[in-house]
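Numbers here simply count residues along the sequence, with the first being 1.
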Amino acid sequence: MAGLFAALGLLGQAAGALSDARTLSDGLAGAKGWLSPGDAARRGVAEAARLHRYPVGRQAELRRLREALGHGGRVAVLSGMGGIGKSTLARMHVAAHGHGYGEVAWLNAGDAESLANGLAAKGARIKGFATPPGAPVMQARAVLEALPAGWLLVYDNAPDLAAIRDLMPPLGRADVLITSRDRKWGRFAQIEPPVLETGSLYADGVRLLIQEAMTEEDWAALPDLPDPDVRLTLLAEMVGRSDRAEEAVSLARALGGLPLGLVIAGALIREEGGTFGDWEARIDEIMTEAEAADFPSSIRAAVQLSYAGLGRDAQAVADVFAWCAAEGLGPELFLDVPACTLEEREAFWEALGPDLQALCSDPGRLHSALRELARRSLVSRSGEGCDMHRLAGHALRLLQGQRQAEQAGRTAAMLASSYPFDSDWPQEWPACAALTPHVLALRRAAGKAVPGLPAVDHLYIQSAIYLHVTAFHEDAIDLAQEALRLRRDRLPESHSDLALAYSMLGATCSIAGKGAQAVEALREAARLCETHGHGALELATVLNNLALALRSRCMAARERGRPRPSEPEDLGEAAEALRRALELRQAESGPRSAGAAQCLLNLALVRNMQGARAEAIAHAREALEIERALRPEGGAALGYALHNLGGFLLEAGEAAEAAELLAEAFALRRRSYPEGHPLLASTADWVCAAHLVRGEAQAAEAAAAEFGLDLAERQRFAKGLPRPDGC
């Protein structure tokens, strides 16, 4: 296809125009101030998303960013509406100044899960640091505590300050660059990029449009100039000698000076030919007819025209990406699908439809489609994958119209085919971490309009399990609730998957402190299991979870100083549920099984709350014996048994044995969890109390100082415990 300047009849004038070109560079442009993607990678900033065009019109904002972040340990925020170029400006800063940092970490901060997983993965970049086991949030906090000076963290697309406050590095440790649509960031340095100027041919918005409209032929016809800004000026002058100059200015103005719209519109001209005026007329027509949306109609029009020009394969890929997270897109979302080994794989495969089935089975066709999307600037390359701007994804979903529910279901089927079935196993967490942002994006975009397919509720329940075990409770509850709704609509009451959905929701609500909702869901799960005979182990699991939810609800009420009037009934129901669960586990798995030990420990906790301390100690001793035999090398379950028996014994006045068990529990948990982990801190609390009960004041003071404990509060607690003779 002929290039833009060939169409304008200007190719022969390029060399002659060189003498008139003016240098407008102010330090960013040129070989010294601006790093190409290859240079950036060689200078240690390869993790940052790559630049694919010369950045236009952001020199003032770049200077302000440099001033805000140039002193180490500072925070700067790029805020403003979507499409204004916040992430691109952040990439420009990284390209220009990333070589001055020890490391640059580009992190998706759009949701807590992605940010925590991204930070946790950076532990491998810290010399001598071993990422501790545990939930990603705890790993992320350990990484932040271990950060050496001189890092730059880019938190891209943060919702607001509250969403990332708990995952910020210690004050002064690293520079942090945040991009966000939210404008309320308190004391942090805040920069809001304006729309690009479009008032004249040399205005930045017009120059960006012209740049993006260039073909390879156009670039090849230009002199090999070292300064990109000079080249842009030359291009503008070339257009100025044609009769299309006013059209270029008019189109840039119609697009509102928004960089996203200018880039996509420029790609349209580059890929399909035509004049600025032709495309403005088509964009105006769509803007006039389109229904109101919560983003600029010019973006919608540019995306619609670009999508219309795509081949069928590229359209199919764009339709999927529109429902996924903006980051972390790539061929693996398609190519991993045929390897699915789930029982439901045939149903999932059928839900894809012939076009997606073909793409999932043909890497060549898929990569060709991705290249087409990149040429049209509907996606941008990022590492091994690519990103799609959120507004582009939103516009693509609107284009699907009545196909939205169908396309959301097809996307869910793709994700479900790749999502690990054993999502509560730590070895599966890296795969879960990569796919869960796409699941959450699908959930938020589709809402209740998602179709009731097996793939959808399977995907939601497995993601809820992963989020539950990795401590992202709010999203876990939301997905579990939606999976339950879908299963209730799709399955008969007798189906075991319905009981599983109730059980998952109850367990997640219990840990999140939603006691009433947890108990209600778990009681219903138990009823379904018993009524429809879903199996002894399934019922035992539900009963165990129900007992823990009842106990947690009573504990929460006690901590608030307002015990529940129904506490005796709740604890009685919990004890009976655990006795039944224990009988079922012993019958199915044997009296010395891990499941039996778990039930014994939980029964000990409930009986201790009921005041039956001797029985609680007996159950806890039996559980500890089983765990020692099963796990002589240690592990979380053994630490749990040691901690609980030690606590019971300390409350019963057997301080010597309690101190030994608690010390062993603490040593084991210290090997397993990062500093500050709640389980480690809880055991440290009890170790400190044991020192105080035994009159070991110096040891108690040292433990309190080391672990940040409130020594006075520990002393008040220890006064209520029985003391051994001579103490």
Side-chain angles (χ1 to χ4, degrees), residues 24-70 74-101 103-109 151-158 175-181 189-197 203-205 207-209 211-212 226-233 257-263 266 326-327 377 380-383 386-387 389:
L24 303 178
S25 164
D26 65 353
L28 167 67
K32 294 183 178 180
W34 180 73
L35 303 181
S36 70
D39 291 332
R42 286 189 291 273
R43 297 199 188 188
V45 295
E47 292 183 41
R50 298 175 186 172
L51 289 168
H52 295 280
R53 61 190 63 91
Y54 172 66
V56 180
R58 294 303 190 202
Q59 286 84 354
E61 287 74 22
L62 279 170
R63 284 195 296 270
R64 291 178 62 191
L65 265 182
R66 180 59 174 164
E67 291 167 1
L69 296 175
R74 300 289 186 87
V75 179
V77 182
L78 290 168
S79 62
M81 64 178 172
I84 199 68
K86 301 181 293 295
S87 296
T88 299
L89 183 53
R91 291 172 186 138
M92 291 161 64
H93 176 79
V94 170
H97 304 294
H99 60 278
Y101 291 95
E103 291 282 347
V104 177
W106 189 284
L107 302 158
N108 172 19
W151 277 44
L152 171 63
L153 306 180
V154 183
Y155 286 14
D156 191 32
N157 192 42
D175 276 357
V176 183
L177 174 52
I178 300 166
T179 72
S180 176
R181 294 191 191 184
Q190 193 166 338
I191 301 165
E192 186 167 339
V195 296
L196 295 177
E197 293 290 336
D204 290 323
R207 294 200 307 159
L208 177 59
L209 175 65
Q211 172 186 259
E212 295 304 306
D227 190 330
D229 201 72
V230 174
R231 301 179 85 178
L232 285 181
T233 302
L258 282 172
L260 178 62
L262 294 166
V263 166
E327 299 83 9
S377 295
S380 58
R381 299 289 184 182
S382 178
C386 52
D387 301 337
H389 197 283

Does the side chain of H97 come within less than 4.5 Å of L69's, by heavy atoms?
no
Hey, does the side chain of T179 reach the backbone of L78 with a donor-acceptor pair shorter than 3.5 angstrom?
no
Looking at R74, is its backbone amide N or carbonyl O close enough to the side chain of D175 to form a donor-acceptor pair, meaning the two atoms are under 3.5 Å apart?
yes
Identify the heavy atoms of L262 and G205 that sit nearest to each other, and give their distance.
CD1-O, 3.6 Å
Closest non-hydrogen atom pair, A68 against A76
CB-CB, 4.0 Å
Please report the closest heavy-atom contact between L209 and G266, naming both atoms and the distance.
CD1-N, 3.8 Å
Looking only at heavy atoms, which two atoms of G82 and L258 are closest? And how far apart?
O-CD2, 4.4 Å
Out of curiosity, L107 CG to E327 CD, how far, rounded to the nearest 0.5 Å?
10.5 Å
If I take atom CD1 from residue I191 and atom CG from residue L65, how far apart are they, to the nearest 0.5 angstrom?
4.0 Å
Give me the atom names and distance for the closest heavy-atom approach of V104 to G98.
CG2-O, 3.8 Å
Can you measure from CZ (R181) to NZ (K86) and round to the nearest 0.5 angstrom?
6.0 Å
Residues which pass ring-ring contact (aromatic ring centres under 6.0 Å, His included) with H389, listed by chain and number, not counting sequence neighbours
none
Residues L62 and H93: closest non-hydrogen pair is CD2-N, 3.7 Å
Enter the distance from L196:CG to R207:CZ here, rounded to the nearest 0.5 Å.
10.0 Å
Can you measure from CG (D156) to CG (N108) and round to the nearest 0.5 angstrom?
7.0 Å
Applying side chain to side chain contact (heavy atoms under 4.5 Å, CB included), can you list everything that pairs with A326, at least two apart in sequence or on another chain?
R390
Given side-chain contact (heavy atoms from CB on, under 4.5 Å), test M81 with V195 step by step and report yes or no.
CA-CA 10 Å; M81 64 178 172; V195 296; 3.7 Å; yes
Any side-chain heavy-atom pair of N157 and S87 under 4.5 Å
no
Spacing of R58 atom CZ and I84 atom CD1 [to the nearest 0.5 Å]
5.5 Å
